[in-house]
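First up is the structure itself, then whatever we jot down about it.
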Amino acid sequence: MDAWTTLESRGFVKQVTDPETLKKALSSGTVTYYAGFDPTADSLHIGHMLPVMAMAHLQRAGHVPIAVVGGGTAMVGDPSGKTELRQMLTSDDIAKNMTGMRTQLSRFLVVDGVRGHMIDNGEWLLKLNYIAFLRDIGRHFSVNKMLTADAYKLRLEKGLSFIEFNYQLLQAYDFLELFRRFGCQLQIGGDDQWGNILAGTDLIRRVDEKDAWGLTFPLTTTASGAKMGKTAAGAVWLDANRTPVFDFFQYWLNVDDRDVGRFLKLYTFVPLDEIARLEALQGADVREAKRVLAREVTTLVHGAEATAVADAAGSAMSRGEATADLPTVALLPEDRTVVDALVRGALAKSKGEARRAIEGGGVTLGGEKVVEREAALPDVGDGLVLKVGKSRAVRLVKSA
RNA sequence: GGGGAGUUACCCGAGUGGCCAAAGGGGGCGGGCUGUAAACCCGCUGGCAUUAGCCUACGUAGGUUCGAAUCCUUCACUCCCCA
């Protein structure tokens, strides 16, 4: 299956600048393509996985990815889809964040400088000369046209600062720079990037009189309309220190029934015919499809071993069994009550929340429902399972 | 530069001197039902404290008052109209 068909049949394609010529290029030769990642945190979250997966599919088909970490553009901030000016990052933050993101990206992509590249756009953006930039690049942008774009219309109601207004120029310039350095002809990104991507293809046409393509992915939301990868605890991160593997696995296992097929196509490499079989499952059997989804995605991100542990722990937990595979929490001598243990195990943010959880009847200790709000903690022996609700549990042990 | 409106908890948003840790909705969490799903029903949703109660919080910093989210002043920020 060629790269285009793969992307299209798996649901990656929302908008394309010139589908016919792009199809042809992807099936007949090697295309160098890029996607940008803003280093706004030191880890990717699952919202980033869509571009990453798309890049991986293309690379597997022999095309050459450039992962651009936006050290330069992060200094400015993309206003697309944001309703207010976002916090400015310091250069120190950006540098730190870039390190973390690079490590994660290299798990999905081969970036050996031949088959794939990873680059910081700060390399060229930070050196730009203002006047030269205005004369060479700025003159190709029509303010009238920019203002008619939806991305800016929204912001015109709430206020848009000049620095943000320039973001699009910088992203367009990135594309031009990559086109010149690497012959990069395709930029891919979320659908909210459509305007910025078009600005790039337009710029390449105007300045170098060459054609380039843009492709966007559908904005993924869950069936219930929520943004992908957001939980009460915040985003679902790829870094196990931010989102434990167990929680990561559970996130995928608990997706809405209606999302399973779509997510299998987008977030795993499971072949389409196998996905078709899984999608056809009905009723309680849908769990099988969810388990495949959770295993595949977690394996991609955290490896097979950690995935097996998280999977086994989840199964055991749903049966209410104690297991060594749950996240282990060491109690301290001052933890005397179940309430203390809940807070220690991060199952409750405060003692008040812990008490409410007990009063709500959602806490079990070693399989027994805790009814006493101030119940004392029994001897945990060599491990006692403390559980809140259906899918959050830890294994308590004595302090080391 | 001038004039006007505004800033309330995770989000939206009500509240114009005590009955306000602050209506309502959304979101989230817990329970029931179920399949670790959805829908639906019920409960909870600042912190500490067993209870009483205490502390912190209505943009910021002061003030008036027995008492302030509510009144006055300062500063910051946002939006609208005019230039």
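Throughout, protein chains are lettered first and strands after them, A, B, ... in sequence-line order, and every chain is numbered starting at 1.
- Between A:Arg291 and A:Asp311 there is a salt bridge, with a side-chain nitrogen of the basic residue lying less than 4.0 Å from a carboxylate oxygen of the acidic one.
- Across every strand in view, B:A14 sits unpaired, with no contact that passes the Watson-Crick or G-U test at under 3.5 angstrom.
- Closest non-hydrogen pair, A:Thr201 versus A:Leu198, comes out as OG1-O, 3.0 Å.
- Between A:Arg355 and A:Glu359 there is no salt bridge, since none of the side-chain N atoms of the basic residue sits less than 4.0 Å from a carboxylate O of the acidic one.
- Between A:Lys398 and A:Asp379 there is a salt bridge, since a side-chain N of the basic residue sits under 4.0 Å from a carboxylate O of the acidic one.
- Within 4.0 Å (heavy atoms only), A:Arg291 reaches at least one base atom of the nucleic acid.
- B:U70 is unpaired under the criterion used here, namely a Watson-Crick or G-U wobble arrangement in which both key atom distances are under 3.5 Å.
- Comparing A:Arg356 and A:Arg392 by the nucleotide of RNA chain B that holds the closest heavy atom to each, the one mapping nearer the 5' end is A:Arg392.
- When the C1' atom is compared between B:G18 and B:U70, the two are found 11 Å apart, to the nearest whole Å.
- Side-chain proximity of A:Arg373 to the nucleotides B:U51, B:G35, B:C48 is greatest for B:U51.
- With both ends at atom P, the span from B:C44 to B:G26 equals 15 Å, rounded to whole Å.
- Under the Watson-Crick or G-U wobble criterion, with both distances below 3.5 Å, B:A21 is left unpaired in every strand shown.
- The distance between atom CD1 of A:Ile358 and atom P of B:A49, rounded to the nearest whole Å, is 13 Å.
- A salt bridge does not link A:Asp2 with A:Lys23: every distance from a Lys NZ or Arg NE/NH1/NH2 to an Asp or Glu carboxylate oxygen is 4.0 Å or more.
- Remark: the separation of the C1' atoms in B:U7 and B:A57 is 15 Å, to the nearest Å.
- For A:Ser350 and B:C48, the shortest distance from a side-chain N or O to OP1 or OP2 is below 4.0 Å.
- Rounded to whole Å, atom P of B:U51 lies 13 Å from atom CD of A:Glu372.
- Residue-to-nucleotide contacts include a donor-acceptor pair under 3.5 Å from the side chain of A:Asp257 to the base of B:G35.
- On the C1' atoms, B:G25 is 34 Å away from B:C72, given to the nearest whole Å.
- Base pairing of B:U51: no nucleotide in any strand meets the Watson-Crick or G-U wobble criterion (both distances under 3.5 Å).
- As rounded to the nearest Å, B:A22 and B:A39 have P atoms that lie 30 Å from one another.
- With a cut-off of 3.5 Å on both pairing distances, the Watson-Crick or G-U wobble partner of B:C77 is B:G6.
- At a threshold of 4.0 angstrom between heavy atoms, the contacts of A:Val363 with the nucleic acid are absent.
- When each of A:Glu353 and A:Gly283 is assigned the nucleotide of RNA chain B with its nearest heavy atom, A:Gly283 is the one assigned upstream, toward the 5' end.
- Between B:A76 and B:G62, the two C1' atoms lie 15 Å apart (nearest whole Å).
- With B:U50, B:U45, B:G35 as the choices, the nucleotide that has an atom nearest any side-chain atom of A:Glu374 turns out to be B:U50.
- For A:Gln250 against B:U36, a side-chain N or O and a base N or O form a donor-acceptor pair under 3.5 Å.
- Nucleotides B:C79 and B:U73 are separated by 24 Å at their P atoms, to the nearest Å.
- Classification of the A:Phe182-A:His117 ring pair by plane angle, with boundaries at 30° and 60°, yields tilted.
- Atom CD of A:Glu359 is separated from atom C1' of B:A49 by 13 Å (rounded to the nearest Å).
- Taking a pair to require two hydrogen-bonding distances under 3.5 Å in either a Watson-Crick or a G-U wobble arrangement, B:C40 pairs with B:G32.
- Nucleic acid contact for A:Lys351: sugar-phosphate only, since backbone atoms but no base atoms lie under 4.0 Å from a heavy atom of the residue.
- Taking the P atom of each, B:G59 and B:A69 are spaced 10 Å apart, rounded to whole Å.
- Of the candidate nucleotides B:G30, B:C44, B:U50, B:U50 has the atom nearest to the side chain of A:Arg355.
- Note: A:Phe133 and A:Tyr173 have perpendicular aromatic rings, judged against thresholds of 30 and 60 degrees for the angle between ring planes.
- Between the CG atom of A:Leu253 and the P atom of B:G35 there is a distance of 15 Å, given to the nearest Å.
- In this structure, B:G27 forms a base pair with B:U45, meeting either the Watson-Crick or the G-U wobble geometry with both donor-acceptor distances under 3.5 Å.
- For the pair A:Asn254 CG and B:A38 P, the computed distance is 8 Å after rounding to whole Å.
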